Amino acid sequence: MDRQVDLVIIGAGPAGMAAALYASRAGLKTLMIDSSAPGGKLLKTYMVENYPGVPAVPGPDLAIAMYQQSVSFGAEYMYGEVEKITKEKQVQLKDGTLINAKAVLIGTGAKERQLNIPGEQDAIGHGESFCAVCDGAFFRNKEVVVIGGGDSALEEAQFLTRFASKVTIVIRRNEFRASDKAQKEVYENDKIHVIKRHVPKEILLTDGKVSGIVLENVEDHMEITVPCQGVFPFIGHIPETSFAKDLGILDENGYIVTNDKMATAIPGIYAAGDCKAKELRQIVTAAADGVVASTEAFHFITGI
Ligand code: NDP
């Protein structure tokens, strides 16, 4: 069934939900579409400590609060997988539904980057996971390996020590990329061990389940095997923008290029949050992008 709305928002993460709140409160007929439950990466975040005005809160709780507020002025949430967006602001879903909108806001975020090493495709779901909050409890009293040295890796490693008997963090340089606070917590945690200057080479499976990971020293190329039952890569993200590839609004890495009003080169099409080319990817910056984008969409639609 075809739908007609003022603003269609693709993605119901912090960017999309903040945009839906502002747009619907300003009187726009607003539809949010997501191929998952509302919340985006908040649903995979154990604890949020840096959303202004909100003391430490579990990510899923913040997601629920944002969602409830985002639909409280009449915005609608709909499950759907977007196949394509046209310059005429028609959004086509994989189930054939067409949504005609006066403006489109893309807030689809980014998905976890995979290691792309032998064994990985068999390991995913059988010991390899990209979400400590979702799967950490499966690793009670087990040994796990976390790959990456950014804030995600260190925070998730810290969380995994609630369950795992040992957490080994593997980084390819001598230094972490994460904040000093996250590094301090890692070094103070007896359950966490760090292996520096190594990269993952292969995930080993026994009877269909992860049983170890082979690491290569980046200097002398010597290999070591770390026995483990879980592998958690946190090595960055890839933007979820494939449905927009024909629009000519992506940079060489697939991120959507906008101006500081979140407008793309196509009038009436906006982008907000982690799917957009920018420096700082945080919950609060995603929400702020969403607010700027929906305000611009309001001006575009109403001419005010
Ligand atoms: P980052 O890009 O910050 O870190 C990625 C890590 O993965 C780096 O240590 C990088 O190594 C490593 N890496 C990348 N590719 C490979 C590879 N092929 N093999 C091995 N290691 C690899 O990503 P994050 O997801 O951690 O963070 C993204 C953004 O979100 C950051 O700005 C971060 O600060 C922010 N964030 C903030 C949080 C907070 O404020 N509480 C929580 C989580 C994230 P190298 O350093 O050598 O390049």
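Everything numeric in this text was worked out from a predicted model, so none of it was measured. Note that ligands are numbered from 1 as they come in the structure, with each ligand's atoms numbered from 1 the same way.
- Residue contact annotation: Asn50 has a non-hydrogen atom under 4.0 Å from ligand 1.
- Among protein heavy atoms, atom 10 (C) of ligand 1 sits closest to Arg172 NH2, 3.9 Å.
- Remark: ligand 1 and Arg113 share no N or O pair separated by less than 3.5 Å (distance only, no angle test).
- Defined by atom type and a distance below 3.5 Å, a donor-acceptor pair is missing between the side-chain atoms of Asn141 and Ser165.
- If you check which protein heavy atom lies closest to atom 22 (C) of ligand 1, you get Ile235 CG2, 3.5 Å.
- Between Gly149 and ligand 1, at least one pair of N/O atoms sits closer than 3.5 Å.
- A donor and an acceptor atom, one from each side chain of Gln114 and Gln121, are located under 3.5 Å apart.
- The nearest protein atom to atom 28 (C) of ligand 1, hydrogens excluded, is given as Ser152 OG, 4.7 Å; this is a heavy-atom distance.
- With a 4.0 Å heavy-atom cut-off, ligand 1 is reached by no atom of Phe176.
- Ligand 1 has His237 within reach: a non-hydrogen atom of the residue lies less than 4.0 Å from it.
- The protein heavy atom nearest to atom 36 (N) of ligand 1 is Gln282 NE2, 3.6 Å.
- Evaluation of the side chain to side chain contact (heavy atoms under 4.5 Å, CB included) rule for Pro239 yields Thr241, Tyr255 as partners, not counting sequence neighbours.
- For atom 31 (C) of ligand 1, the nearest protein heavy atom is 4.0 Å or more away.
- The protein non-hydrogen atom at the shortest distance from atom 8 (C) of ligand 1 is Arg177 NE, 3.7 Å.
- Side-chain contact check for Thr97 and Asp95: at least one donor-acceptor pair (N or O, by modelled atom type) lies under 3.5 Å.
- Taking the six-membered ring for Trp and thresholds of 30 and 60 degrees, Phe159 and Tyr46 have ring planes inclined between 30 and 60 degrees apart.
- Looking from atom 29 (C) of ligand 1 to the surrounding protein, the closest heavy atom is Arg281 O, 4.2 Å.
- Because its NZ or CZ atom is not both nearer than 6.0 Å to the ring centre of Phe163 and within 45° of the ring axis, Arg140 does not count as a cation-pi partner of that residue.
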